[in-house]
Amino acid sequence: MLSNPDITPQAHDHQSREAKRVTTIGAWLDATLSAVKVIVGLLVGSAALVADGIHSLSDLITDGFVFAAIHYGRQGPDKDHHYGHGRIETLTTLLLGSVLIFVAGGIAWSSIERLFSGTHINAPGFAAIGITLAALLSKEWIYRYTMKVAQRVQSKLLEANAWHSRSDALSTAVVLVALVGAQFGFGWLDAVAAIIVGLLVGKVGWDLLWESARELVDTALPTDAQQQMHEVACTVPGVDSVHDLRTRQSAGWAMVDLHIVVGPKVSVSEAHEIGNEVSRRLRHQFPALTDVIFHIDPEDDAGQGDPSRLPGLPLRPEVEAALNERWYKHPVWRTLTDLQLHYLDGKISVSLVVGGTVQQPPQCLASQLKAMASDIEWLGNVEILFITRAASNAPFQQR
């Protein structure tokens with residue numbers, strides 16, 4: 001999440017292929033192990049080995065989910081999904097977690113019944129023990145391989161899948177102990193091991209449910225990540241401060257929106273480019289960002305609430321009409337070439353750009369205009385800026 005280098009399209013495609021390759025290898029391994037464990041477990045009468053085979057099947061399902069997420073989850077927005085397809089991955093994870101918890105409950109319940117019923121457990125044989133040992137070593141290998149690729153391509157999804165493989169390796173280790181115990185007359189260990197495996201499967205399911213539920217309710221990024229984003233935004237020249245920074249997550253990606261305070265009288269285009277630079281730097285520092293939405297503020301209005309729910313100030317047509325009604329006889333208004341409006345501190349400050357020569361100082365003229373419009377509640381400061389006739393624009397047109 002905090003890596004720095006830019007990722008070129010070629011590198012992005014290479015990473016996707018590498019992630020798909022390791023996921024495909026893991027899927028074939030999980031499919032083979034699941035079939036072998038279940039078949040051998042049924043043949044030797046080991047509930048623990050059958051349960052572990054079902055756990056491997058859960059890894060196979062997760063592999064399919066990860067593969068689909070790599071392929072579809074990186075597709076951009078379309079006409080029906082303006083924010084991308086990340087929620088599809090989240091909903092699939094939610095379903096997968098629910099299924100795993102259901103399976104875990106069935107494994108644990110049947111194993112508890114078997115434990116208290118005193119069902120005799122036959123010795124599984126050294127062949128079953130050898131198969132379980134091979135499964136343990138192969139799952140540990142795929143964990144290390146997947147984790148190595150996940151770190152290289154910077155994929156949290158692959159990293160989570162690697163840990164899922166590690167949980168299967170741990171459950172297989174428990175089953176191995178149970179099989180060895182059953183081989184030497186401690187058959188009850190098999191049922192206990194099956195219960196433990198069921199709990200491990202349930203733990204994986206609960207983790208998937210919890211993480212997907214957090215995404216569905218738009219849980220924010222960790223506080224330290226938000227603070228780093230705030231600091232990055234504040235380093236951009238022209239940014240006075242940043243507030244109302246909000247984040248949310250979707251399928252391993254992140255989105256942020258923030259308010260950027262700039263100088264109150266900078267041009268719209270300059271303020272917009274300042275915001276674009278903030279967006280570029282955030283994306284550079286946080287490659288997992290898919291959306292950066294910024295709002296430009298001419299003053300810090302943090303904590304004042306949604307401005308759309310507050311009373312508004314008049315826009316230019318109404319402002320010009322009101323000022324023209326009061327100032328149309330004044331010489332300054334007659335030589336007006338441009339009218340700049342600044343919405344600050346709950347009022348509208350006006351800057352009049354005029355051509356020609358006026359004998360009185362600008363401050364005196366501004367005071368006169370201010371007095372002539374003293375009945376206007378929303379009028380703030382009045383400022384007069386002179387330009388020479390040669391440099392002036394076309395005469396100001398009343399709208």
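Looking only at distances, no side-chain donor or acceptor of K347 sits under 3.5 Å from a matching main-chain atom of L313. Under a 3.5 Å cut-off, the side chain of T247 and the backbone N or O of M255 do not form any donor-acceptor pair. For W327 (side chain) and L369 (main-chain N/O), a donor-acceptor pair under 3.5 Å exists by modelled atom type. Judged by distance alone, the side chain of S367 and the main-chain N or O of Q363 form a donor-acceptor pair under 3.5 Å. A donor-acceptor pair under 3.5 Å is formed between the side chain of T335 and the backbone N or O of V332. No donor-acceptor distance shorter than 3.5 angstrom exists from the side chain of Q285 to the backbone of M229, with no hydrogens or angles considered.
Clustering ILVMFWY residues whenever any of their side-chain heavy atoms sit less than 4.5 angstrom apart, transitively, puts V261 in a cluster other than the one holding I296. When hydrophobic clusters are built by joining Ile, Leu, Val, Met, Phe, Trp and Tyr residues whose side-chain heavy atoms come closer than 4.5 Å, directly or via intermediates, V262 is not grouped with V268. By the criterion of side-chain heavy atoms lying less than 4.5 angstrom apart, applied directly or through intervening Ile, Leu, Val, Met, Phe, Trp or Tyr residues, L33 is grouped together with W141 in one hydrophobic cluster. Clustering ILVMFWY residues whenever any of their side-chain heavy atoms sit less than 4.5 angstrom apart, transitively, puts L339 in the very cluster that holds L315. In the hydrophobic cluster analysis, where Ile, Leu, Val, Met, Phe, Trp and Tyr join through side-chain heavy atoms closer than 4.5 angstrom, V36 is grouped apart from I39.
Residues G263 and D240 come closest through the heavy atom pair N-OD2, 3.5 Å. The shortest heavy-atom contact between L379 and A373 is CD2-CB, 3.7 Å. Shortest non-hydrogen contact noted between S279 and V292 is OG-CB, 3.6 Å. For the residue pair S351 and H342, the shortest heavy atom distance occurs at OG-NE2, 3.6 Å. Nearest heavy atoms, P237 versus R281: CD-NH2, 3.8 Å.
Contacts of K148 classified as side chain to side chain donor-acceptor pair (under 3.5 Å), with partners at least two apart in sequence or in another chain: none. In this view, K265 and E383 satisfy the side chain to side chain donor-acceptor pair (under 3.5 Å) rule, not counting sequence neighbours. Considering only residues two or more places apart in sequence or on other chains, T235 meets the side chain to side chain donor-acceptor pair (under 3.5 Å) condition with none of them.
Remark: R280 CZ is packed, more than 12 non-hydrogen atoms of other residues, nucleotides or ligands lying under 6.0 Å away. Heavy-atom neighbours of W378 CH2 from other residues, nucleotides or ligands within 6.0 Å: above the threshold of 12. No more than 12 heavy atoms of other residues, nucleotides or ligands shown are found within 6.0 angstrom of CG on N381.
Within the 4.5 Å cutoff, no side-chain heavy atoms of V242 are placed close to those of V278.
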Self-check item: Residues H295, D244; criterion side-chain contact (heavy atoms from CB on, under 4.5 Å); working and verdict
Solution: CA-CA 10 Å; H295 175 82; D244 290 347; over 6 Å; no
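Between H243 and H259, the angle of the ring planes lies from 30° to 60°, which puts this pair in the tilted group.
For the residue pair D224 and Q227, no side-chain donor N or O sits within less than 3.5 Å of a side-chain acceptor on the partner.
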